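All values derive from a computational prediction rather than experimental measurement. Sequence positions, counted from 1, serve as the residue numbers for this chain.
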Amino acid sequence: MDWSVSAPGHASVRSGTRRRTLRYGIIALAVAAMLCAYVVVVVTRANAAETLLSQGRPTTASSAESAATPASSATDGNAGTRWSSAFTVPQWIQVDLGSQQSITRVALNWEAAYATAFTIQTSNDAANWTQIYSTTTGTGGSDVSLAVTGSGRYVRLNATAKSTQYGISLWELQIFGGSPSTPGSCGATNAALNKPALASSTENAGTPAASAFDGNTGTRWSSAASDPQWLRVDLGSVQAVCGVTLNWEAAYATAFQLQTSNDGNTWTSIYTTTTGTGGVQNLNVTGSGRYVRVNGTARATQYGYSLWEFQVRVTGAPSTTNDTPTSPSTSPTPSTNPGNAVLLSYKKPAVASTSQNDTNCNPCTPDKAFDNDPASRWATSPDNGWVDPGWIYVDLGATAHITQVVLQWDPAYAVSYQIQTSTDAVNWTSIYTTTTGKGFKETLTVNGNGRYVRMYGTQRSNGYGYSLWEFKVYGTGGAPTQPPAPPADPIFPATNLVWQDEFNTGTNVDTTKWHVDPGTGQNGEIQYYSNLNNTSIQGGSLVIEARKETAGGRDYTSGRINTSTSFTTQYGRVEARIKVPKGNGLWPAFWMMGADFLQGRPWPYNGEIDIMEILGKSTTDVYSTLHAPAYNGGGGYGQKLTTVDLSLDYHVYSVEWDSKHMTFRVDNTVILVANKDTVETTRGPWVYDHQFYLILNLAVGGDFPGPIDATTPFPARMYVDYVRVYK
């Protein structure tokens with residue numbers, strides 16, 4: 001990067017010669033003191049088995065003096081960076097340790113602007129705080145070591161009096177205590193994340209057991225409305241269980257037990273209560289087992305039991321898989337391709353009892369269920385097809401042995417249906433029957449022979465008809481047509497840089513790389529996107545600027561660019577380093593659209609991948625979301641992460657994407673892991689296995705961020721250091 005011009009957002013030292021001279025002297029002393037303090041820390045840890053818990057953890061503060069002194073600088077392990085606050089008291093800084101921990105010591109490396117009166121507090125919810133240290137005679141210093149006793153997920157320093165006319169400033173804030181990964185201590189990692197789950201019951205197909213273990217607080221498991229009910233997770237091996245977090249929906253348990261088992265049959269209770277109050281419960285427990293279960297015996301409501309998330313912590317480092325695969329897999333999994341089976345139904349002739357072809361579904365003909373396109377579907381006609389029975393069959397071209405059928409249902413699914421085969425499309429033999437169809441994705445193991453395969457529905461799930469996004473038949477024989485070969489999955493971490501823009505040349509956007517996209521926005525946005533008037537290159541960054549000015553019939557302008565005419569990608573690591581603006585109604589975003597949108601496929605059938613969306617009114621929250629025909633808008637499949645104030649500095653926003661999943665991150669913190677199988681079995685089709693193009697924009701107003709107000713700063717700027725794509 002060319003930093004010959006001061007980088008936006010990197011503020012200079014506070015004005016005033018006296019203050020600047022003092023700061024440089026303090027830096028030299030602090031570095032020297034830190035070298036001495038490092039020896040002390042190492043010795044202490046060796047003797048007392050202490051672990052530094054706070055370094056690199058999400059850190060927030062009541063305020064920051066400037067973008068150059070964010071809260072995160074106090075926990076980055078760098079004695080040359082610091083957090084400093086506004087020039088008033090009280091002020092606070094807090095660290096999220098990721099899980100409840102035992103706190104034994106707090107080390108403070110003060111800058112000259114120290115606190116004379118402050119407390120150290122802990123909390124499990126960042127709302128209710130317990131004081132574990134207090135002083136009104138603080139003297140600052142570069143090696144303040146406070147022995148404390150307490151526990152909590154969050155640790156906060158709350159300053160109520162200061163030593164100077166400036167604010168509160170710390171080079172480093174270190175929290176010591178139980179190690180999150182060493183043997184003999186309770187880990188911070190969720191050992192249950194994406195592990196196999198099972199429940200006594202589910203309320204419906206949209207609330208499966210797996211949703212409590214997917215790391216997504218927007219999905220949940222819910223049970224039938226009766227007692228008892230249970231939910232269990234398989235950790236994969238016997239583990240020493242030391243902590244459980246239950247994030248209850250409103251339908252919580254007043255009486256329940258936490259239980260462990262080595263075989264999934266014989267259970268031992270490690271926690272029991274009859275006075276559960278719901279909410280988020282962080283429970284310290286002692287036990288061991290391969291399986292961990294919550295067993296509810298009394299409900300708080302007339303409904304069942306419902307959990308947004310069920311997390312398990314274990315002693316030492318849990319044996320978990322990476323959230324991103326390290327090697328590609330070119331063959332289908334056994335559940336998709338049993339034995340020597342191949343896909344027999346692709347592009348084969350299809351016939352149905354009726355089909356829909358109107359403005360609401362155009363066309364939803366039978367062939368759409370067999371085109372290997374998860375964003376097109378067959379549906380029965382609203383004129384005469386919303387009746388029972390309803391059916392659809394495929395002609396495989398020759399007699400085949402059928403071993404598996406995969407149905408990806410639209411919400412108009414069959415509760416009762418049969419899978420049937422025939423040699424003449426007249427006389428049918430049932431090879432699978434159910435009266436408890438759940439919709440979404442159903443993978444059926446079958447055994448039968450025939451040239452024709454039919455789904456024969458006898459009971460609909462609702463007042464509509466029958467509708468399938470995909471109907472796939474696997475087996476041997478037939479006359480299969482080979483579908484186009486998908487690209488190979490990338491190997492993560494991906495290191496082959498295939499496209500980039502570093503924004504370090506010229507004065508405006510490189511139009512050989514970016515298409516400028518003028519016009520109005522969607523979603524109630526109030527700006528007009530101009531043609532290069534609101535973009536520029538400054539100090540090695542792209543600047544997208546929102547202004548209060550009239551253009552295109554709007555009172556505000558901003559910028560929007562995309563790679564639709566120059567670059568698209570399927571799979572890989574897509575990342576950008578961005579600094580976002582703060583202010584009510586501002587809405588910066590880094591996202592991707594399915595390239596078939598350019599050929600006329602409407603949104604959301606083309607698919608949308610939102611790598612980063614941030615609302616200017618709450619810049620500690622970052623959203624990553626997927627949009628598809630069956631889940632979009634406010635119902636998209638996504639997750640919000642609350643972290644540091646993202647407007648204070650640049651951060652790297654990325655997605656690692658292959659044929660099986662996507663992992664979204666801010667810097668090195670995971671926001672969302674979207675697994676293809678989980679999405680298909682709980683929300684709807686996965687529509688992301690094709691080319692996408694990149695988009696950057698800064699919106700003003702709209703349904704999601706809400707309105708601007710008198711405090712919204714104009715001009716407001718979004719800075720992009722670089723955009724890179726790796727395979």
Side-chain angles (χ1 to χ4, degrees), residues 204-205 343-397 400 402 405-444 446 448 450-474 478 481 600-602 604-605 628-630 680 684-685 687:
N204 57 53
L343 179 61
L344 303 174
S345 52
Y346 174 65
K347 291 289 187 179
K348 293 301 177 182
V351 179
S353 52
T354 66
S355 62
Q356 186 173 0
N357 189 356
D358 56 29
T359 56
N360 296 316
C361 200
N362 179 21
C364 285
T365 48
D367 59 299
K368 300 302 181 185
F370 303 100
D371 61 1
N372 217 29
D373 180 351
S376 66
R377 64 184 173 99
W378 160 73
T380 53
S381 170
D383 298 325
N384 58 355
W386 291 1
V387 295
D388 295 314
W391 50 264
I392 180 173
Y393 73 74
V394 61
D395 177 0
L396 302 179
I402 315 305
V405 170
V406 178
L407 303 174
Q408 182 75 60
W409 292 99
D410 180 68
Y413 65 91
V415 175
S416 297
Y417 66 92
Q418 301 170 39
I419 301 299
Q420 303 171 326
T421 60
S422 175
T423 58
D424 56 10
V426 176
N427 302 290
W428 297 92
T429 300
S430 290
I431 60 174
Y432 177 87
T433 301
T434 184
T435 58
T436 58
K438 302 297 185 185
F440 293 110
K441 182 180 180 180
E442 295 186 289
T443 301
L444 313 174
V446 297
R451 172 172 173 165
Y452 305 89
V453 180
R454 180 167 78 166
M455 186 291 298
Y456 188 78
T458 54
Q459 182 184 346
R460 291 164 292 138
S461 59
N462 51 48
Y464 302 100
Y466 295 96
S467 184
L468 283 164
W469 296 101
E470 285 291 294
F471 181 173
K472 294 185 177 182
V473 179
Y474 293 88
T481 299
R601 169 160 276 184
Y605 294 87
E680 290 179 330
V687 298

Who pairs with [X] by side chain to side chain contact (heavy atoms under 4.5 Å, CB included), at least two apart in sequence or on another chain?
{"X": "Asp395", "result": "Pro349, Arg451, Tyr452"}
{"X": "Pro366", "result": "Ala350, Ala352, Ser355, Trp378, Ile392"}
{"X": "Asp358", "result": "Gln356, Asn360, Cys361, Pro382"}
{"X": "Asn362", "result": "Asn357"}

Has the side chain of [X] got a donor or acceptor atom that lies under 3.5 Å from a matching backbone atom of [Y]?
{"X": "Gln459", "Y": "Thr435", "result": "no"}
{"X": "Glu470", "Y": "Asp373", "result": "yes"}
{"X": "Thr380", "Y": "Trp386", "result": "no"}
{"X": "Asn384", "Y": "Thr354", "result": "no"}
{"X": "Ser416", "Y": "Thr458", "result": "no"}

Taking atom [atom1] of [X] and atom [atom2] of [Y], what is their separation to the nearest 0.5 Å?
{"X": "Asn427", "Y": "Gln420", "atom1": "CG", "atom2": "CD", "value": "11.0 Å"}
{"X": "Ser422", "Y": "Trp428", "atom1": "OG", "atom2": "CH2", "value": "5.0 Å"}
{"X": "Tyr466", "Y": "Met455", "atom1": "OH", "atom2": "CE", "value": "6.5 Å"}
{"X": "Thr443", "Y": "Gln408", "atom1": "OG1", "atom2": "CD", "value": "8.5 Å"}

Leu444 pairs by side-chain contact (heavy atoms from CB on, under 4.5 Å) with which of Ile431, Val406, Ile402, Leu407?
->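 Exactly one candidate clears the test, Leu407.
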Is there a side-chain contact between Lys348 and Phe370, using heavy atoms and a 4.5 Å cut-off?
->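 No, too far: nothing below the 4.5 Å cut-off.
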Indicate yes or no: at least one non-hydrogen side-chain atom of Phe471 is less than 4.5 angstrom from one of Ser345.
->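 No - every pair of side-chain heavy atoms lies 4.5 Å or more apart.
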What closest approach, in Å, do [X] and [Y] show between heavy atoms, and which atom pair accounts for it?
{"X": "Ser467", "Y": "Ala379", "answer": "OG-CB, 3.7 Å"}
{"X": "Pro685", "Y": "Pro374", "answer": "CB-O, 3.3 Å"}
{"X": "Thr481", "Y": "Tyr346", "answer": "O-CD2, 3.4 Å"}
{"X": "Ser376", "Y": "Asp371", "answer": "OG-OD2, 2.6 Å"}
{"X": "Tyr413", "Y": "Gly437", "answer": "CE1-O, 3.4 Å"}

Does atom OH of Tyr464 have more than 12 heavy-atom neighbours, drawn from other residues, nucleotides or ligands, at distances under 6.0 Å?
->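 For Tyr464, atom OH is not crowded (no more than 12 foreign heavy atoms under 6.0 Å).
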Do any pairs count as a salt bridge (Lys or Arg N to Asp or Glu O under 4.0 Å) and have a residue in residues 415-425, sequence neighbours left out, and if so which ones?
->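 Every pair satisfying salt bridge (Lys or Arg N to Asp or Glu O under 4.0 Å) with a residue in residues 415-425: there are none.
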Among pairs that include at least one residue of residues 374-392, which meet salt bridge (Lys or Arg N to Asp or Glu O under 4.0 Å), considering only residues two or more places apart or in two chains?
->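 Of all non-adjacent pairs touching residues 374-392, those that pass salt bridge (Lys or Arg N to Asp or Glu O under 4.0 Å) are Arg377-Asp410, Asp388-Arg460.
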I would like to know whether Trp409 and Leu468 meet side-chain contact (heavy atoms from CB on, under 4.5 Å); could you show each step before the answer?
-> CA-CA 5 Å; Trp409 292 99; Leu468 283 164; 3.5 Å; yes
Any side-chain donor-acceptor pair under 3.5 Å between Tyr417 and Glu442?
->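 Yes, a side-chain donor-acceptor pair sits under 3.5 Å.
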Distance-only side-chain donor-acceptor flag, Asn372 / Lys347, under 3.5 Å =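 Result is no, nothing qualifies.
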